[in-house]
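Below, all heavy atoms of this structure are taken into account, side chains as well, without hydrogens, waters or symmetry copies. Position 1 is the first residue of the sequence; numbering continues from there.
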Amino acid sequence: MLKIECCGLTSTQTKQIIDKAFPSQVETLVDPDMIAARLVKKGDVDFYLGSCLTGGGGSLATAIMVLGYGNCLTVSKQGKCPSAQEIRHMIYAGNHKAFGYVKDHTEMLVPPLVQALIDKSEGKPE
């Protein structure tokens, strides 16, 4: 079972979406950004999802500081919410641990993002 930290402006909403869509596949936590990033770094949690106004600042900035830029990915930016296929490609193209997205994209973006993380962790092909 994957463990995912839900952070940022829509942390509660993100948790609710994941808990409803993936009840037996993902354990969700809601912690402050710094605590969440440190838990990911220690290996106690698998992934960090952070929402903010821009997708690449705010919540993701803490993850970048703790985990390093190469372990973090901006999934969406203002004015551009990627398709489920684009999200899946982004997940499979790297080994990122933290993901940032625009808060307004939460409902559309979180389900395909989490599904891709689950599939990749289970070794399913892209």
Side-chain angles (χ1 to χ4, degrees):
M1 177 178 287
L2 290 182
K3 282 188 176 181
I4 296 178
E5 279 281 3
C6 305
C7 303
L9 297 175
T10 60
S11 58
T12 303
Q13 181 185 10
T14 299
K15 179 179 176 24
Q16 291 170 347
I17 291 168
I18 296 171
D19 288 348
K20 184 177 179 183
F22 309 98
S24 62
Q25 296 172 293
V26 178
E27 178 184 342
T28 55
L29 301 105
V30 175
D31 286 307
D33 298 350
M34 184 62 77
I35 291 170
R38 286 180 176 164
L39 289 172
V40 171
K41 186 171 185 167
K42 282 177 42 181
D44 293 342
V45 175
D46 299 300
F47 299 106
Y48 173 111
L49 274 58
S51 59
C52 65
L53 294 175
T54 64
S59 184
L60 193 59
T62 302
I64 290 170
M65 179 183 69
V66 174
L67 302 171
Y69 186 78
N71 289 310
C72 302
L73 177 68
T74 299
V75 180
S76 76
K77 298 177 183 176
Q78 284 190 349
K80 174 68 171 118
C81 184
S83 68
Q85 185 175 358
E86 291 170 320
I87 292 168
R88 190 170 185 86
H89 180 71
M90 283 186 244
I91 298 305
Y92 275 78
N95 289 311
H96 303 96
K97 292 290 183 183
F99 304 91
Y101 52 93
V102 176
K103 72 178 187 80
D104 294 339
H105 299 160
T106 301
E107 286 189 38
M108 296 175 294
L109 186 139
V110 170
L113 173 62
V114 172
Q115 186 64 62
L117 291 171
I118 291 168
D119 289 349
K120 185 175 179 185
S121 72
E122 293 177 351
K124 294 181 182 175
E126 183 180 355

Check your understanding: Does the side chain to side chain contact (heavy atoms under 4.5 Å, CB included) test come out yes or no for Leu9 and Ser51, once each step is laid out?
Key -> CA-CA 6 Å; Leu9 297 175; Ser51 59; 4.2 Å; yes
Check your understanding: Is there a side chain to side chain donor-acceptor pair (under 3.5 Å) between Thr10 and Lys103 once you walk through the steps?
Key -> CA-CA 6 Å; Thr10 60; Lys103 72 178 187 80; over 6 Å; no
Practice item. Show your reasoning for whether side chain to side chain contact (heavy atoms under 4.5 Å, CB included) applies to Leu53 and Asp104. Key: CA-CA 8 Å; Leu53 294 175; Asp104 294 339; over 6 Å; no
**Study point:** side chain to side chain contact (heavy atoms under 4.5 Å, CB included) between Asp119 and Tyr92, intermediate numbers included
**Key:** CA-CA 9 Å; Asp119 289 349; Tyr92 275 78; 3.4 Å; yes
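Residue pairs meeting the side-chain hydrogen bond (donor to acceptor under 3.5 Å, both in side chains) criterion with at least one partner in residues 64-77, sequence neighbours excluded, are Ser76-His105.
Closest non-hydrogen pair, Gly8 versus Asp33, comes out as N-OD1, 3.6 Å. Across all their heavy atoms, Ile87 and Pro112 have their closest contact at CD1-CG, 3.9 Å. The shortest non-hydrogen separation linking Ser11 to Cys6 is CB-O, 3.3 Å.
Side-chain atoms of Met1 and Phe22, non-hydrogen and from C-beta on, never get closer than 4.5 Å to each other. For the pair Lys97 and Cys72, the minimum side-chain heavy-atom distance is 4.5 Å or more. Counting heavy atoms from C-beta on, the side chains of Asp44 and Lys3 never come closer than 4.5 Å. Here the side chains of Cys52 and Val102 are not in contact, with every heavy-atom distance at 4.5 Å or above. Between Val30 and Thr28 there is no side-chain heavy-atom pair separated by less than 4.5 Å. By the 4.5 Å heavy-atom criterion applied to side chains, Ile4 and Val45 are not counted as neighbours. No side-chain heavy atom of Cys7 sits under 4.5 Å from any side-chain heavy atom of Leu49. Contact check for Met90 versus Leu73: side-chain heavy atoms found under the 4.5 Å cut-off.
Here Lys20 pairs with nothing under the salt bridge (Lys or Arg N to Asp or Glu O under 4.0 Å) rule; sequence neighbours left out. With sequence neighbours excluded, no residue satisfies side-chain hydrogen bond (donor to acceptor under 3.5 Å, both in side chains) with Gln16.
The number of heavy atoms from other shown groups lying within 6.0 Å of CD (Glu86) is above 12. Within 6.0 Å of CD in Glu107 there are 12 or fewer heavy atoms belonging to other residues, nucleotides or ligands.
Side chain of Arg88 to main chain of Glu126: a donor-acceptor pair is present (N/O by atom type, distance under 3.5 Å, no hydrogens or angles). Panel note: side chain Glu5, backbone Asp31; a donor-acceptor pair is recorded below 3.5 Å. The closest donor-acceptor contact from the side chain of Lys120 to the backbone of Ile91 lies under 3.5 Å.
Side-chain contact of Tyr101 with Thr54: a donor-acceptor pair under 3.5 Å is absent, judged by distance alone. Side chains of Tyr48 and Thr62: a donor-acceptor N/O pair is absent below 3.5 angstrom, by distance only.
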